[in-house]
Amino acid sequence: MLHGQIDALIKDAIQSAFNQAAEFTIDAPKNPEHGDFATNAAMVLTKLVQKPPRVIAEALAEQLRSHSQVIAKVEVAGPGFINITVTREALYQTVRDVLAAGDRFGQQEKPQGKKVLVEYVSANPTGPLHLGHARGAFVGDAVSRLLQAAGFAVTREFYTNDVGNQVNILARSIYLRYRELFGENITLDKDAYPGAYVIDIAKVLKEEDGDKWLTASEDEWRPRCLAIGLRENLKGIRESLEIAGIQIDSWFSEGSLHEQNRISELITSYRKLGMLYEAERAEGTDEKIRREDSKAANYAHQQKGGTFLRTAQFGDEEDRILVRANGEPVYLAADLAYHKTKFDRGFDWMIDVFGADHSGHIPRIRAGMRALELDDKKLQFVCVQMVRLIRNGQEVKFSKRSGQIYLLSDLIEEIGSDAARFIFLMRAPDTQFDFDLDLAIKQSSDNPVFYTQYGHARMATLLRRAEEAGKSFGGLARLSDEALAKLVLPEERNMLKKMGLFPDVVMRSALSLEPHRMLHYCQDLIGEFHTYFTKYRHTERVISDDALLTEGRLAMVAALKQTLHNALSLLGISAPEYMHAPEEKAE
RNA sequence: GCGCGGUUAGCUCAGUUGGAUAGAGCGUUGGCCUCCGGAGCCAAAGGUCACAGGUUCGAAUCCUGUACCGCGCACCA
């Protein structure tokens with residue numbers, strides 16, 4: 001691709017002029033006077049070469065000028081920028097490249113040869129997915145898709161906390177609701193799950209088992225309530241993910257770690273490495289850390305000592321307990337055992353998508369892995385920040401306590417999965433933002449989702465119109481150089497150039513784990529097209545009596561449409577061929 | 001008190017990893033349909049990039065400190 005070619009040429013130039021290698025950037029400048037591509041290579045080299053940047057730039061420019069089939073003009077400007085203008089032929093080649101690659105345009109053709117695990121959602125199976133899970137779910141899904149396109153072998157995993165306190169509380173909540181269904185007056189425990197879905201699960205239990213648990217002891221009913229609770233909740237979670245278009249390849253059960261003794265194995269490993277000690281409390285904790293206003297103080301009375309892991313040696317604030325005094329491992333022990341399996345399973349890169357409220361876990365997990373002498377640089381965490389939901393210009397508040405939750409499935413039903421995805425992915429993961437429901441529903445230009453999809457539909461219509469007029473685009477095989485040579489407008493040049501940047505955008509979005517870059521690219525590309533389309537609607541129409549010109553422009557439109565389609569589908573957003581006009585508002 | 005994230009136009013957010021004159025959408029004001037989709041486009045107004053230092057050819061971007069906002073700081077998961 002063009003960007004890659006330029007990159008290679010600059011590398012060669014640096015090599016042959018100075019016998020060096022350097023990290024430089026290639027920009028597509030917004031100012032057209034600065035050419036199609038600009039590089040800071042000369043400025044980066046000043047320290048290595050010990051010469052003024054402009055001198056270096058001139059030397060590199062001289063090298064670059066020899067590649068006249070790709071590069072038309074090279075200029076040195078400002079403090080030492082090298083501005084490169086490419087030949088029209090090179091730009092025309094990207095049209096052919098796009099059409100030849102089709103749906104695979106933008107994807108890395110050669111595999112990276114690396115296995116990546118992306119873990120996301122990992123919601124407790126104690127209830128349905130709600131808005132709090134949505135952002136992480138969409139980001140995790142999009143990051144996975146991007147990494148796949150970048151040539152990685154990706155596994156998408158959901159870790160299920162199917163043992164422990166929370167699910168026991170769920171079991172108990174179900175049982176209480178079950179008794180209620182038989183006419184009993186119940187009082188929910190204060191930590192019980194109040195949601196209506198618990199009643200639904202209780203109904204299923206009643207349907208399947210009748211009244212057989214009414215007289216049973218807790219030891220008897222609990223396993224059954226737990227099992228049916230997990231089954232029903234996981235079923236609901238799967239359904240929600242499916243309607244949201246979020247894929248999961250692998251469901252990893254915390255319970256399986258216990259069954260396979262992974263946790264006791266882990267503890268043995270730590271013990272052999274001398275990383276454990278028995279104590280009443282973590283060594284070295286002082287009162288400064290355990291302040292009155294720290295949350296820890298509120299639970300001090302529950303701390304009874306046990307086996308500690310020396311995480312403080314590896315960057316954690318303090319050592320963490322792994323096994324309680326009664327021999328029961330804590331959640332962290334299972335989580336560390338889980339993360340160890342990621343290394344055991346041979347992944348080269350492991351990504352956890354966390355909500356901001358779990359960011360506190362990161363140092364512990366890293367420390368736990370380093371204590372096992374594993375390379376924690378292979379672990380990477382994407383923290384998605386909180387989202388405020390806005391309706392009618394007001395923040396919508398939720399509270400689990402009162403059962404006031406907004407479900408992921410409700411969101412999809414209300415605004416559709418394309419809009420939900422687009423809006424969640426539009427923002428950088430690590431910034432908070434306001435999610436405006438009214439805007440998302442609006443089928444108008446204020447809504448970036450529709451703006452972008454509309455652009456795609458508009459291109460599709462153009463190709464349909466051409467077909468109706470008997471001037472349909474004949475495809476790559478029949479595309480002639482003469483037709484492409486007709487693309488001479490500055491806007492056309494710009495769009496061709498942007499299109500050529502797409503594979504680079506995919507790589508950048510993937511490697512930086514920032515899907516929003518892709519959507520900004522989409523909006524940018526589509527904006528160019530809308531401008532072009534409107535500006536020339538009277539003078540330079542795509543479909544005209546000039547057969548060659550029409551062929552060239554249709555080829556460009558087909559390539560643009562393909563690029564936009566690929567960009568959107570890489571994020572799981574649909575690219576419609578046709579969109580219905582909104583109904584006129586009756587006034 | 002400590003840790004993580006944030007602070008850029010009236011609002012919501014970008015800013016290509018340190019580059020050229022800081023951008024987009026919405027909102028405001030004013031324009032553009034004999035037309036391949038006006039669901040669009042063009043133009044104008046709007047900025048002390050939170051504040052103060054520092055690093056260098058060059059800082060919204062990097063380092064330090066301060067202020068404010070969010071999240072977290074449990075032997076819950």
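Labels below follow one simple rule: chain letters A, B, ... track the order of the sequence lines, proteins then strands, and each chain is numbered from 1.
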Using a heavy-atom cut-off of 4.0 Å across all strands, would you classify [X] as base, sugar-phosphate, or nothing?
X	result
A/Lys304	base
A/Glu254	sugar-phosphate
A/Thr461	base
A/Glu280	base
A/Val542	base
A/Val163	sugar-phosphate
A/Arg465	sugar-phosphate

* Asked: Parallel, tilted or perpendicular for A/His530 and A/Tyr454, by the 30°/60° rule?
  ->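 If you compare the ring of A/His530 with that of A/Tyr454, the planes turn out parallel.
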* Taking the inter-plane angle between the rings of A/Phe433 and A/Phe424 on a 0 to 90° scale, is it parallel (under 30°), tilted (30 to 60°) or perpendicular (over 60°)? -> perpendicular
For the side chain of [X] and the base of [N], is some donor closer than 3.5 Å to an acceptor across the two?
X	N	result
A/Tyr331	B/A77	no
A/Arg458	B/G38	no
A/Gln432	B/G5	yes

Please write out the pairs of protein N or O atoms and N or O atoms of nucleotides 15-20 of chain B separated by less than 3.5 Å, giving the distance to one decimal.
{"from": "B/G15", "atom 1": "OP1", "to": "A/His516", "atom 2": "NE2", "distance (Å)": "2.9"}
{"from": "B/U16", "atom 1": "O3'", "to": "A/Arg508", "atom 2": "NH1", "distance (Å)": "3.4"}
{"from": "B/U16", "atom 1": "O2'", "to": "A/Arg508", "atom 2": "NE", "distance (Å)": "3.3"}
{"from": "B/U16", "atom 1": "O2'", "to": "A/Arg508", "atom 2": "NH1", "distance (Å)": "2.6"}
{"from": "B/U16", "atom 1": "O2'", "to": "A/Arg508", "atom 2": "NH2", "distance (Å)": "3.0"}
{"from": "B/A20", "atom 1": "N6", "to": "A/Asn83", "atom 2": "OD1", "distance (Å)": "2.5"}
{"from": "B/A20", "atom 1": "N1", "to": "A/Asn83", "atom 2": "OD1", "distance (Å)": "3.3"}
{"from": "B/A20", "atom 1": "N1", "to": "A/Asn83", "atom 2": "ND2", "distance (Å)": "3.1"}

Complementary nucleotide for [N] - Watson-Crick or wobble, under 3.5 Å:
N	value
B/C2	B/G72
B/U61	none
B/G23	B/C13
B/C36	none
B/U55	none
B/A50	B/U66
B/U29	B/A43

Rounded off to whole Å, could you give me the [atom1]-to-[atom2] distance for the [X] and [N] pair?
X	N	atom1	atom2	result
A/Glu318	B/G72	CD	P	18 Å
A/Arg320	B/A74	CZ	P	7 Å
A/Asp434	B/A14	CG	C1'	16 Å
A/Gln523	B/C13	CD	P	14 Å
A/Met518	B/A14	CE	C1'	16 Å
A/Tyr299	B/G72	OH	P	12 Å
A/His358	B/C4	NE2	P	19 Å
A/Phe433	B/G25	CZ	C1'	15 Å

Whether the [X] and [Y] side chains hold a donor-acceptor pair (N or O, under 3.5 Å, no angle test) is what I'd like checked.
X	Y	result
A/Gln453	A/Asp418	yes
A/Thr461	A/Arg464	yes
A/Tyr532	A/Glu492	yes
A/Asp352	A/His358	no
A/Glu157	A/Tyr338	yes

With respect to the side chain of [X], which nucleotide from [options] is positioned closest?
X	options	value
A/Arg427	B/U12, B/C76, B/A77	B/U12
A/Phe308	B/C75, B/A14, B/G5	B/C75
A/Thr431	B/C75, B/A14, B/G70	B/A14
A/Asn165	B/G5, B/A14, B/A77	B/A77

[N] and [M]: how far apart are their [atom1] atoms, nearest whole angstrom?
N	M	atom1	result
B/C41	B/G1	P	49 Å
B/G10	B/U29	C1'	14 Å
B/G23	B/U16	C1'	13 Å
B/G46	B/C26	C1'	14 Å
B/C71	B/G25	C1'	28 Å

Indicate yes or no: at least one non-hydrogen side-chain atom of [X] is less than 4.5 angstrom from one of [Y].
X	Y	value
A/Phe533	A/Val557	no
A/Thr311	A/Phe314	no
A/Ile169	A/Thr126	no
A/Leu230	A/Val167	yes
A/His339	A/Glu119	yes
A/Glu254	A/Thr160	no

* Which residue lies more 5' along RNA chain B, comparing A/Tyr536 with A/Ile321 via nearest heavy atoms ->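 Checking each residue's closest nucleotide, the 5'-ward one belongs to A/Tyr536.
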* Asked: Closer to the 5' end of RNA chain B via nearest nucleotide, is it A/Asp357 or A/His530?
  ->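 It is A/His530, whose closest nucleotide lies nearer the 5' terminus.
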With 3.5 Å as the limit, what N/O pairs link the protein to nucleotides 58-63 of chain B?
none

* Using a cut-off of strictly less than 4.0 Å between a heavy atom of the residue and any atom of RNA chain B, enumerate the qualifying residues of residues 547-555 of chain A by number. => none
* Asked: Yes or no on side chain to side chain donor-acceptor pair (under 3.5 Å) for A/Asp162 and A/Ser253, after CA distance, side-chain angles and deciding distance?
  -> CA-CA 7 Å; A/Asp162 49 7; A/Ser253 147; 2.6 Å; yes
* Between A/Glu551 and A/Lys471, does at least one N-O distance fall below 4.0 Å, as a salt bridge requires? ->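 Looking at A/Glu551 and A/Lys471, the cut-off is not met.
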